[in-house]
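Computation of the quantities below employed the complete heavy-atom set of this structure, encompassing side-chain atoms and omitting hydrogens, waters and symmetry-equivalent molecules.
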Amino acid sequence: MVRSLFISIRGRCAPYTGGKMSDIKQAYHDSQLYRIRHSASHIMAEAVLEKFPDAKFAIGPAIDDGFYYDFDLPRSLTTEDLAEIEKRMRGLIQSHEDFKRTEIGPEDAKAIFRDQPFKLELIEGLEHGGMDDDGNPTDEPVPMSIYSSGGFTDLCAGPHVANSKEINPQAIKLLNVAGAYWRGDEKRPMLQRIYGTAFESKADLDEYLWKLEEAKKRDHRKLGKELDLFSSNDEVGAGLILWHPNGAMIRHQVERYWEDQHLAHGYDFVFTPHIGKSSLWETSGHLKTYKENMYAPIEIDGQEYYLKPMNCPFHIHIFKSGLKSYRDLPIRLAEKGTVYRYERSGVMHGLLRVRGFTQDDAHHFCREDQMSAEVDFVLDFSLKMLQAFGFKDIQAYLSTMPEKRVGEEQRWHDAEAALEDTLKRMQVPYEVDAGGGAFYGPKIDLKVKDALGREWQLSTIQFDFNLPERFDLSYIGEDGQPHRPYMVHRALLGSMERFFGVLIEHYGGAFPVWLAPVQAVMIPIAERHNEFAHQVAQELKDAGLRVQVNDSSDRMNAKIRDAQNQKIPYMLVIGDREMEAGAVALRHRSGESLPAMPVAEFIELAKTEIAEHI
RNA sequence: GCCGGCGUAGCUCAAUGGUAGAGCAACCGCCUUGUAAGUGGUAGGUUAUGGGUUCGAUUCCCAUCGUCGGCUCCA
């Protein structure tokens, strides 16, 4: 989906970043491409200034895939405006403007930008100190500089190109205009942001635009409609997904695999209700810390019940339901638990962000001496699960102890060490987000790269030091005394909805045979072949395959086209020759076709591909 | 929630201040076919919903709902 292509690196204009960057980000920041984009953003600002002399300028950084600039303008921009601004940018670039850097003091800066309230605010911030990648202030004051090019001067540390002739006018493109809050704060003014991109060559730009087109073709919302996988509906409500038979079949196959794997890996399945009394959510702390995401209570017999936003409190009560011995641990309780969370109306997005979803949830309870092995186990299991769905490129993010937290410090350190040791041992590439953990425990998030190289967060493995305390969990140790267990919350696929959305885009709708809702379609050439086609179909069904017969009066070509559009893996063409030989001619959706083969041989071939998840 | 765009047949899209059309799909025929659309016909719409302006609104205005691009927030 397009959104992920625009994930911004979080650096603002360079002077404000006093913090550390990863090597990749640093390399990008030092590159010519970065200069080109950052300079293109200034050129765009210049074009906007010409068009709107009263424009107020906010910030305009280079980002991963291009650049943007935020403006406060007298009116809303239209797509025509964008085209015009883009055209003007080409002209400005071709006038070969120098980018001149000047270091200045705060007073001069304030004088230059006296009519630019956002710049003045930035200057005041800089007087007190810079800002790191996450926008947190740093102590050291930062030198200020301005860059001038043509008729535009901006408060900026650069770097920029020396002259606009370094920018290829044919390799820039303005993409869209969107609203954005000043400094990302919803309490502050809403500005207009123009997104654009720039590359060194036209070919690079074209490749990028091609990738955007490709992403559009794979958009799970589009494919969901075309392949009749799922829908949502005004009357049902926003963010509530209807799984159609095709989508439900895929989900069923995913769940079957998930269940088999969990049973084989020492999990116990549980089922829990969709609502729980308010006292449950008071004990768990959700009514204190999560209430804005929960739906209004339902009153039953004078008691308030809440729709569950999480499954943990229920699983915890299952753990608590009897005295646990140290011999019982680890306990792994798993459930595909459907939860409901209030999402603000503007944030819903297809299957990726919804209001009702089913997590592939589990909670592990273990002893201190088991913690390391348990973390090893769960990470290994996560990786296997994701790899089974064709995600080979997996990146981990380790989030550690934040300032505001619950739980003993020693427990935090032990848990973080366990998580990090495991990542090292398994040789999973990871980045550390220091202080980025939830208040209740450190965590590992796993992101996968899909077929287009886009990253998606699916798995999360989180320690929880909060709920065991709140619910006073314990087990009886070897010493006969109660001990507090460690608790790990994990979701491997994340949620069935989001996972399905990612899966659709990853495969571009061409699901591997084991997941495809219809695995093979029989294509009789003429009406006299229909009966035999149905016979073969029955044989295939008996062998456990999902098969359809296209016995419509369409011509064979139309039947093939239809099957191709539905991305059905196997097309089995049946004519006189096949009927004679008791065979099927196989055409794969890739376009490859094989000469007629006996039905039994096809079944073997299909079964092999299914078993190997091809 | 906020800023901006959009909402016409199952799908993809036209059109207009004077009550709507195409292609595909559907349905009924004809054709009986060898690897991505054979062919004729029929049917299908309170133009998202509710209000307002107007002699007249699907078109203009307002609200609601949904949706798209972002911001903010997240599985």
Practice problem: Give one of base, sugar-phosphate or nothing for A/Gly575, where a contact means two heavy atoms less than 4.0 Å apart. | Solution: base
Quiz item: For A/Lys559, does the NZ atom have more than 12 heavy-atom neighbours from other residues, nucleotides or ligands under 6.0 Å away?
Solution: yes
Quiz item: B/A22 pairs with which nucleotide, Watson-Crick or G-U wobble, both distances below 3.5 Å?
Solution: B/U12
Quiz prompt | side-chain N/O A/Tyr342 vs B/C73 OP1/OP2, d < 4.0 Å | solution = no
Quiz item: For A/Glu578, which contact category applies under a 4.0 Å heavy-atom criterion: base, sugar-phosphate, or nothing?
Solution: base
Exercise. Kindly indicate whether the side chain of A/Tyr181 and the base of B/G1 share any N or O donor-acceptor pair separated by less than 3.5 Å?
Key: yes
Exercise. Could you tell me which nucleotide pairs with B/G66 by Watson-Crick or G-U wobble geometry, both distances under 3.5 Å, or answer none if nothing does?
Key: B/C6
Practice problem: Could you work out the separation of B/G50 and B/C11 based on their C1' atoms and round it to a whole Å? | Solution: 28 Å
Quiz item: Within the structure shown, what part of the strands sits under 4.0 Å from A/Gly494 by heavy-atom distance: base, sugar-phosphate, or nothing?
Solution: sugar-phosphate
Quiz item: Between A/Tyr68 and A/Tyr195, is the ring centre distance below 6.0 Å?
Solution: yes
Practice problem: Using the ring of A/Phe314 (Phe, Tyr or Trp, six-membered ring only), decide whether A/Lys308 places NZ or CZ under 6.0 Å from its centre and within 45 degrees of its axis. | Solution: yes
Exercise. Report which part of the nucleic acid A/Tyr340 touches: base, sugar-phosphate, or nothing (heavy-atom distance under 4.0 Å, all strands).
Key: nothing
Exercise. Remember a base hit wins even if backbone is also touched, and classify A/Glu343 as base, sugar-phosphate or nothing at under 4.0 Å, heavy atoms.
Key: base
Practice problem: Just compare B/G1, B/C73, B/G38 and give me whichever is closest to any side-chain atom of A/Arg555. | Solution: B/G38
Quiz item: Does A/Arg587 make a side-chain donor-acceptor contact with the base of B/A36, cut-off 3.5 Å?
Solution: yes
Exercise. Look at all strands and tell whether A/Asn565 reaches a base, only sugar-phosphate, or nothing, counting heavy atoms closer than 4.0 Å.
Key: base
Quiz item: What does B/U58 pair with, Watson-Crick or G-U, if both distances are under 3.5 Å?
Solution: none
Quiz prompt | Base of B/U72 paired with side chain of A/Arg344 (donor-acceptor, under 3.5 Å) | solution = yes
Practice problem: Confirm from the modelled atom types if A/Arg498 and B/C74 form a donor-acceptor pair under 3.5 Å, side chain to base only. | Solution: yes
